[in-house]
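The model shown is predicted, which means the values in this text are computed figures rather than measured ones.
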Amino acid sequence: MKKLMYYIVFFYAIFSYAQTQVGDIRFNDVDVFEGSELILNGAGAREKLYAMALYLDFEVEGVEDGIMVADKDATMAITIKITSSSISDSDFKDLIRNGLERATDGNSYLFENQIRDFLHLIPNEINKFDIFKILYVKGGKLTLYKNKKALGTINSKEFKKALFKIWLGENPVDEKLKENLLASFEPNPILGRWKTYDKKTGVALSIVQLYVIKKQVYGSIQRMMRISERDAVCYECQGADKNQNVEGLVIMKGLKLKGDRYINGKYTDIKTGEVSECQIWIDAEDKDILNMKYKGGGSHVWKRVKK
């Protein structure tokens with residue numbers, strides 16, 4: 001039961017990140033693709049047909065990096081959300097085929113086998129609000145998803161390069177969309193995993209995952225650093241938290257942004273079970289430092305957990 005609760009809280013946290021809006025469509029600022037956490041680099045829309053987002057785990061300088069992104073052998077993803085009720089499977093397939101012809105300067109015939117295999121994966125019925133995801137995993141694996149269901153895989157680095165150049169290449173199907181996808185995007189710096197420390201000894205205590213639900217920040221213990229504490233139970237906690245496993249426990253709740261701080265939240269001390277008012281803010285000189293303060297416990301410094 002403990003492990004089940006941990007994974008429920010963890011995945012709820014992961015998929016509750018802040019979002020970026022394109023028209024009426026929203027994209028997660030951070031999303032998970034087959035276990036890989038990728039960051040939204042940019043998003044845009046094309047002719048009221050679809051909205052689109054590019055997810056990467058590396059930085060780009062801007063539009064000039066389009067070719068580099070398409071050619072790079074690194075895990076990345078594209079999310080496409082259909083916004084038109086009139087687009088058909090034929091339209092979608094034509095978009096891909098014509099886009100590949102543009103991207104390869106008329107040489108798409110070199111990828112004809114992969115193109116046919118990829119187009120065969122596209123379902124016969126496409127509806128407004130359908131979500132397609134194209135995930136490329138370092139090494140050559142390209143997978144197409146529709147509404148979270150894997151439709152199939154193409155194993156070809158060269159085909160991936162051509163496919164991504166439909167939107168990121170020198171002759172993209174939409175110049176403005178390319179600009180939006182390659183824009184420099186910075187997600188909310190509060191989001192992510194933070195390592196907490198004992199204020200007196202400096203010894204690391206835990207890793208806390210911060211996430212956003214309805215514009216409020218929450219934090220759950222993802223991992224206790226001491227192996228002996230990973231099965232610990234919060235016997236002193238109150239209400240629904242009482243006797244719950246520490247790993248997976250939501251210890252920060254309901255912080256709201258005011259100025260450059262998130263305030264008026266509630267923090268649960270897992271040692272005493274006491275619930276106190278808390279606030280957090282990013283260090284002005286270092287975005288990898290989080291200051292956390294709660295009533296009766298003073299200020300604490302957390303450090304960002306990097307990959």
Query - Listed partners of D269 passing side chain to side chain contact (heavy atoms under 4.5 Å, CB included), at least two apart - result: Y267, K271, T272, Y294
Query raised in the report: Can you list the residues that meet the salt bridge (Lys or Arg N to Asp or Glu O under 4.0 Å) rule with R26, with sequence neighbours excluded?
Result: none
Report task. Under the ring pair (Phe, Tyr, Trp, His ring centres under 6.0 Å) rule, collect the residues that match up with F118, sequence neighbours excluded. Result -> F159
Requested in this report: Using salt bridge (Lys or Arg N to Asp or Glu O under 4.0 Å) as the criterion, list what pairs up with K303, not counting sequence neighbours.
Outcome: none
Query raised in the report: Which ring pair (Phe, Tyr, Trp, His ring centres under 6.0 Å) pairs, counting each pair once, include a residue from residues 137-157, with sequence neighbours left out?
Result: none
Report task. Can you run down the disulfide bond (SG atoms under 2.5 Å apart) pairs that involve residues 27-88, sequence neighbours left out, and say none if there aren't any? Result -> none
Report task. If a pair satisfies disulfide bond (SG atoms under 2.5 Å apart) and one of its residues is in residues 200-242, list it, with sequence neighbours excluded. Result -> C234-C237
Report summary line: Contacts of D286 meeting side chain to side chain contact (heavy atoms under 4.5 Å, CB included) (sequence neighbours excluded), chain-then-number -> D283, D288, I289
Requested in this report: Identify, with sequence neighbours excluded, every residue that meets side chain to side chain contact (heavy atoms under 4.5 Å, CB included) alongside K293.
Outcome: Q279, W281, S299
Report summary line: Contacts of E236 meeting salt bridge (Lys or Arg N to Asp or Glu O under 4.0 Å) (sequence neighbours excluded), chain-then-number -> none
Report summary line: salt bridge (Lys or Arg N to Asp or Glu O under 4.0 Å) filter on D71, not counting sequence neighbours, yields K165
Requested in this report: Quick one: which residue pairs count as a salt bridge (Lys or Arg N to Asp or Glu O under 4.0 Å) with a foot in residues 94-105, not counting sequence neighbours?
Outcome: R97-E112
